[in-house]
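Below is one structure; the comments refer to it alone.
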Amino acid sequence: MDDCIIIGAGPAGLTAAIYLTRFHLSIRLFDSNSSRAAMIPCTHNHAGYPDGISGKDLLRLMRVQAEKYGARREEKKVTEIVPDGDNFVVVTDEGRFAARTVLLATGVVNHRPHILPEVHDPALERGLLRYCPICDGYEVTDKRVGVIGTGDHGMREALFLRGYTRDVTLIAPEAEHLLDDACGAKLAEAGIVRVNGPCGNWAIEGDQLALDTAGGRMAFDSVYPALGSRIRSHLAVAAGARASDEGCLEVDDHQRTTVPGLFAAGDVVKGLDQISHAMGEAGVAATTIRNLLSERQPIRR
């Protein structure tokens, strides 16, 4: 039986793996190769990398560090977490594994606009398509920016980006905007243009990303989809953990879910969806796991 099974090998899962192996605990790290961090072409707000670092390179370096202390990443898809007394059985597509604790670090999946992969992926790589204004809003300073979204969520993202540039356009993803009077007033006060959808016929045109709208064809230096995301918390919820209406797992100050022995860290938890925040939560979770297991049975070398 392992001391901890970590589900997810993004920044949170890998940080936990580094901590737990350095605590001399036995772990398994299950990875389905779907970390959102791998999509980042280059992050400039992650401390310690003044020239920026790609998400793939950051994950690679974290894997090397975790492996140095004995962590081994296993490419398995987890289908169920089953509480078993004080322990757990983790069911995967390749068998069942027992653990004293489980840490869920499965993150979220962004809802994408309807863009063909042959346009989406190069646009993302070139910074013409971006998903995180907190991460890279600085990079669109004084540029022409489009935001795909509507309602309160779309309004808030457009207003956030208005802090970097005067040229912001909010485009409805499907048809007409779903904006109440208060949202409309805030957008008008900020000078944000509103255009109805639907969006389609996406293409990279020169150094811009272009698309058709109800107001005609438009092109932007960068486009931000503000379409929300799917929180990958279903494994924990099925095991009895409590989550918000949106699906974010509820945890206490030590990253404990409402199921004893089941922990969560990173974007799957309600909070700031940032690499640095996920890593901090993972450090807290790992330390709490170590202390919990020591209370059950003192750790001796």
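Just so you know, these numbers use all the heavy atoms, side chains as well, and skip hydrogens, waters and symmetry mates. Predicted model, so just to flag it, every value in this text is computed and none were measured.
Distance alone, capped at 3.5 Å, is enough to place a donor-acceptor pair between the Arg217 side chain and the Asn201 backbone. Here the side chain of Thr79 pairs no donor or acceptor atom with the backbone of Asp93 at under 3.5 angstrom.
A parallel orientation is assigned to the rings of Tyr49 and His46, their planes being inclined by less than 30° (bins at 30° and 60°).
Residues Tyr131 and Asp273 bring no donor and acceptor atom of their side chains to less than 3.5 Å of each other. For the residue pair Glu94/Thr92, the side-chain donor-acceptor check at 3.5 Å is not satisfied. Residues Ser229 and Arg36 have side chains that never bring a donor and an acceptor to within less than 3.5 angstrom of each other.
A salt bridge links Arg126 to Asp207: one of the charged nitrogens lies within less than 4.0 Å of a carboxylate oxygen. With respect to Asp3 and Arg100, a salt bridge is recorded, a charged nitrogen being found less than 4.0 Å from a carboxylate O. The pair Arg72-Glu74 does not count as a salt bridge, with every side-chain nitrogen at least 4.0 angstrom from each carboxylate oxygen.
Note on Val119: it clusters hydrophobically with Met218, by side-chain heavy-atom contacts below 4.5 Å among ILVMFWY residues. Hydrophobic clustering, with ILVMFWY side chains joined whenever heavy atoms are under 4.5 angstrom apart, groups Ile115 together with Val223.
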Worked verdict on Val140 versus Tyr224 for side-chain contact (heavy atoms from CB on, under 4.5 Å): CA-CA 11 Å; Val140 301; Tyr224 283 85; 3.8 Å; yes
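With Pro133 as reference, Glu157 is the one residue of Arg156, Glu157, Glu139 to meet the side-chain contact (heavy atoms from CB on, under 4.5 Å) rule.
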